[in-house]
Amino acid sequence: MKRYLKLIVLCLLAPLAWVSCKDDFPIDDDGLLITKRSQCFVSNFELLGADFLTVRSKNPVIDTVACTIDVEVFYGTDLTNVYPQFSLVTDAKLDPKIVGKMDFSDLATPKVFTVVSGNRKVRKPYTVNITVQQ
Amino acid sequence: MQRKYLFNISFLLSLLLLVGACKEEEYAIPTLRSEFQNDCIKRNLGPNLIGNKMEFAYAMALPPNRGRILSAQVEASIAGAPGTYLENRSFHTDASRVDIGVPIGEPAQTAGKVTRVDFTADTSAATLRYYYVIPDEARGQQVSFTFSASSSTGENVSYTMGPYDISRMDIALDLNVKDGETSYISIADMAVYDATAAAANADKIDLVYLYRALPNISFAHALVAPAADPQYLPEVTLPAGVNKNTRLRKAWGLRDQQLARLQFGIFIDDLDFQQIDLSDAPNYGINMRAESGAWVETADGRYRAYIFINAVDNANKSARISIKRYAL
């Protein structure tokens, strides 16, 4: 009987020991997982107006080599209050972060967002060029 | 020895489970209450706007062998506007969801804050509806209601509802705007004007409605402040003195139930107007669609409003709009 009890206790303790010895995954300053992915690109870009509808008049042109995003917006778009949305490759993140509406009205000085790869070693600055439909 | 204990413990636990599993809760028929009772529900939703009706259903009953209902009355903390009444018909809903009204007395008498119905029918149960038309005096205040009834047994019952906040908003429904005609919108007056009337009320004109079908540009139906960049007022000659710089922000999917009267349970309330910040909003909104809207703040900062586009008509270059307005 005692032998059975010992076996049961051993079986219960064994998984605990295994869990406690497992290594933690590395995380970055934002609490995001740092992975082994080195890919670093923007896959899609969206720009929403104050009414949360798209202000793009056509699909954005994203050049992942030149790191540019060319967007045409509707005539009359209020560019002082728009919400940009980036779709990034898996595990990548954006710097600076987008926390709300932004002002894109200074067309002569395009905004730059840096994409950081999953392994946090590759950084690519993307320039968002906006033109207004005429 | 240990095995014996294990068997005993297992047996006891099984017994306990058996006892728990076999326990049955017996249903007991509720005892009929014999006293005179009442209950009340509020039947309308959303902000309580001046001029709109608040609707209640007041139910009262006692066992038929004990007596009958003599009267029912409602006392509002603020007297209702004309049109306030207590139904003299007791309503029930049939299987087809149709409301059936059975007269129980003479039409209600209203004296000041009290609306009363005296029963003429010999009935021991009734549900009466009460419609309270919100008076202007109640704006920004709270109103509560005391429903009461008396029976032939000498018993009196009462039920208090509220207090309910009365909105400070105003509402104007179904204003027809048409490009080149009734195209001047006044938030202060909650009205639309043509060019002649706009010239006479120039200081009250906050927005211009226009429709343009321009090549390569989605302009269509637009609400534009008179002081906006002339590129947003193509071929528009403003009447003398119409020059307000109204701020507005387009909104989509905000189909306020009281403005749209559609199936969406969305209500714009005083709080929305109090909290919205339109300081960085533009002074134009083009390409407005049916069931879209715009938050508006007048140039003098006196009013905030929400203009809802009920319908648009491209062929006639017109639209039907409804406005909720909040005085700051």
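Not measured: the values here are computed from a predicted model. Order of the sequence lines sets the chain letters (A, B, ...), proteins ahead of strands, with each chain counted from 1.
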salt_bridge(B:R289, A:D51) N-O dist < 4.0 Å: no

A:D78 side, atom CG; B:R249 side, atom CZ - distance, nearest 0.5 Å: 8.0 Å

Side-chain heavy atoms of B:D280 within contact of A:K101, under 4.5 Å: yes

Heavy-atom neighbours of B:R261 CZ exceed 12 at 6.0 Å: yes

Residues of residues 196-213 of chain B within contact distance of chain A, non-hydrogen under 4.5 Å: none

Nearest-0.5 Å distance, CD of residue A:Q133 to CG of residue B:N216: 7.0 Å

A:N81 portion near chain B, given a 4.5 angstrom heavy-atom threshold: side chain

Which atoms of B:I286 approach chain A - backbone, side chain, both or neither, heavy atom under 4.5 Å: side chain

Chain A contact residues among residues 225-239 of chain B, heavy-atom distance under 4.5 Å: B:Q231, B:Y232

B:F219 and A:Y75: CA distance, side-chain angles, deciding distance, side-chain contact (heavy atoms from CB on, under 4.5 Å) verdict: CA-CA 8 Å; B:F219 197 97; A:Y75 174 81; 3.9 Å; yes

For chain B, the option from A:G76, A:A50, A:S57 that forms the most heavy-atom pairs under 4.5 Å: A:G76

